[in-house]
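Written out below as structure tokens is the structure these notes cover.
Quick note on labels: first sequence line is chain A, next is B, and so on, each numbered from 1.
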Protein chains: 2
Amino acid sequence: MHTIGTLARRTGTKVQTIRYYEQIGLMPEPGRTEGGQRRYGDVDLDRLAFIRHSRQLGFPLEAIRELLDLSDHPARDCGAADSIARRQLREVETRIARLQALRSELERMIGECRGGTASECRVLEVLRDHSECLADDHDAID
Amino acid sequence: MHTIGTLARRTGTKVQTIRYYEQIGLMPEPGRTEGGQRRYGDVDLDRLAFIRHSRQLGFPLEAIRELLDLSDHPARDCGAADSIARRQLREVETRIARLQALRSELERMIGECRGGTASECRVLEVLRDHSECLADDHDAID
DNA sequence: CTTGAACCTATAGTTGCTGTAGCTCCTATC
DNA sequence: GATAGGAGCTACAGCAACTATAGGTTCAAG
């Protein structure tokens, strides 16, 4: 039997985060002591580790919910897990591409800055210059 | 004079977002009609475009606040703008590196999956396998 | 003068936690 | 058995940066 603090320490999770996972139904309600403190078994430790590892790979909590559900039903088809992972991979790839574009624009902006006062600043000028930006909606942002 | 809707359309911003920027002091309180509706000038349009362009480059609102402040004071030194931009570039580079690591792990995981039932699923197995993960705190996530 | 699109305020929800206040409990030590 | 203090408890507020909703008002075209 583990306390919530032990689970936290062993998985690198904050205590409040574990309670939060319980609240949203990702972690089960554990048994309690007479005094009302949570006591966990090894199964719970494994489940929390699964959640944290998935989070480290960037899976959103809703995806983790599905993955846990599959993990709880070993007879089901693996395809669903595979497609969740592929979706996540696509998501990561999209973000990388977007960030690489941002990186180029930032590099260009910084590379052109020759110092001086704010009025001469190339960085501010680029940001002000909405010629290619106004009215046509890019997405980007994050 | 522009309505809030015109500003929104011309900058690709949601109307609520403009009101939100006003609320947090990024956009000034504009003049109002007798009936209480906001009316903007071209200066406001430029300012909003600046904000949106900066957001598209991933600058957080607090950084944009500083950049706007510099832009409002042309005599100041440009160095601050430059260092904000460099900070943002470093941030973007860090995120790219992290996402690339995630991509590798996801690719490996997916590449090893040979289908079948959930119990045989390599994806789930990798997520369950906390051997390298338990107790040592990575960061990652996102 | 009427219609209806666009505006208004205020508030709650999103994602995934994190932090705080003000308690109670558990366990080790004396 | 008493006590100290670290760990646990609930409940709620806050973060970033919006987005959505409800329920009402205004503006401009026909």
Side-chain angles (χ1 to χ4, degrees), chain A residues 1-27 29-40 44 48 50-68 88 91 95 98 137-142, chain B residues 1-27 29-40 44 48 50-68 88 91 95 98 137-142:
Chain A
M1 285 302 173
H2 314 292
T3 64
I4 198 170
T6 305
L7 249 73
R9 208 163 9 80
R10 305 252 319 252
T11 61
T13 314
K14 294 252 156 78
V15 165
Q16 287 104 311
T17 304
I18 300 174
R19 289 198 281 249
Y20 169 70
Y21 288 158
E22 179 184 328
Q23 198 183 307
I24 62 170
L26 265 193
M27 286 292 285
E29 292 186 25
R32 302 265 187 157
T33 62
E34 296 253 308
Q37 298 195 353
R38 290 167 179 81
R39 287 300 122 96
Y40 294 95
D44 302 307
L48 182 56
F50 184 106
I51 294 170
R52 294 311 288 177
H53 195 181
S54 304
R55 284 297 296 136
Q56 274 157 12
L57 288 170
F59 287 95
L61 293 180
E62 279 319 297
I64 296 172
R65 209 186 281 282
E66 295 178 59
L67 290 167
L68 280 167
Q88 175 63 14
E91 179 66 30
R95 300 230 301 237
R98 214 156 55 183
D137 44 359
H138 314 226
D139 18 54
I141 299 189
D142 270 71
Chain B
M1 286 301 173
H2 315 291
T3 63
I4 197 170
T6 305
L7 249 73
R9 208 163 9 81
R10 307 250 322 250
T11 61
T13 314
K14 294 250 155 83
V15 165
Q16 287 104 312
T17 304
I18 299 174
R19 290 198 281 248
Y20 168 71
Y21 288 158
E22 179 185 329
Q23 199 185 307
I24 62 169
L26 265 193
M27 285 293 285
E29 290 185 27
R32 301 268 187 157
T33 63
E34 297 254 309
Q37 297 195 353
R38 290 168 180 80
R39 287 300 121 97
Y40 294 94
D44 303 307
L48 183 55
F50 185 105
I51 294 170
R52 293 311 288 178
H53 196 181
S54 303
R55 285 295 295 133
Q56 275 157 14
L57 288 171
F59 287 95
L61 293 180
E62 279 319 297
I64 296 173
R65 209 185 282 280
E66 294 179 60
L67 290 167
L68 280 167
Q88 175 63 14
E91 179 66 31
R95 299 231 300 239
R98 212 157 56 182
D137 45 358
H138 313 226
D139 19 53
I141 298 186
D142 266 72

Between Q88(A) (side chain only) and G58(A) (backbone N and O only), is there a donor and an acceptor less than 3.5 Å apart?
yes
Check the phosphate of dT10(D) against R32(A), side-chain N and O only, distance under 4.0 Å to OP1 or OP2. Yes or no?
yes
May I ask you to say what R38(A) touches in the nucleic acid, namely base, sugar-phosphate or nothing, with a heavy-atom cut-off under 4.0 Å?
sugar-phosphate
If you find the nucleotide of DNA chain D closest to T3(B) and the one closest to R19(B), which residue's nucleotide is nearer the 5' end?
R19(B)
T13(A) side chain to T17(A) backbone, donor-acceptor under 3.5 Å:
no
Out of dT19(D), dA17(D), dT10(D), which has the shortest distance to the side chain of T17(B)?
dT19(D)
L48(B) CG to dA17(D) P: how many Å, rounded?
16 Å
Judged by nearest nucleotide, the residue sitting upstream toward the 5' end of DNA chain C, F59(A) or G35(A), is F59(A)
Over how many whole Å does the gap from M27(A) atom CE to dC17(C) atom P extend?
13 Å
I need the NZ-P distance between K14(B) and dA16(D), as an integer number of Å.
21 Å
Do R65(A) and I24(A) touch side chain to side chain, with heavy atoms closer than 4.5 Å?
yes
Rounded to the nearest Å, what distance is computed from the CD1 atom of residue I64(A) to the C1' atom of nucleotide dG16(C)?
10 Å
How close or far is atom C1' of dC7(C) from atom CD of E34(B), stated in whole angstroms?
16 Å
Has the side chain of Q16(B) got a donor or acceptor atom sitting under 3.5 Å from an opposite partner on the base of dA20(D)?
yes
Sugar-phosphate only, base, or nothing, as touched by I24(A) at under 4.0 Å among non-hydrogen atoms
nothing
Have a look at Y21(B) and say if it touches a base, only the backbone sugar-phosphate, or nothing, with a 4.0 Å heavy-atom cut-off.
sugar-phosphate
Taken to the nearest whole Å, CD1/I51(A) to C1'/dC17(C) is 13 Å
Taking for R39(A) and for Q37(B) the nucleotide of DNA chain C with the nearest heavy atom, the one nearer the 5' end belongs to Q37(B)
Please state how far atom CG in L7(A) lies from atom P in dA7(D), giving the value in whole angstrom units.
15 Å
Nearest whole Å is fine: how far is dC27(D) P from M1(B) CE?
15 Å
side-chain N/O R55(B) vs dC18(D) OP1/OP2, d < 4.0 Å
yes
R19(A) bridged to E22(A) by N-O distance under 4.0 Å
no
Which of the following nucleotides, dC18(D), dC17(C), dC27(D), is nearest to the side chain of T33(B)?
dC27(D)
Check this for me: does any side-chain nitrogen of one of R38(A) and E29(A) sit under 4.0 Å from a carboxylate oxygen of the other?
no
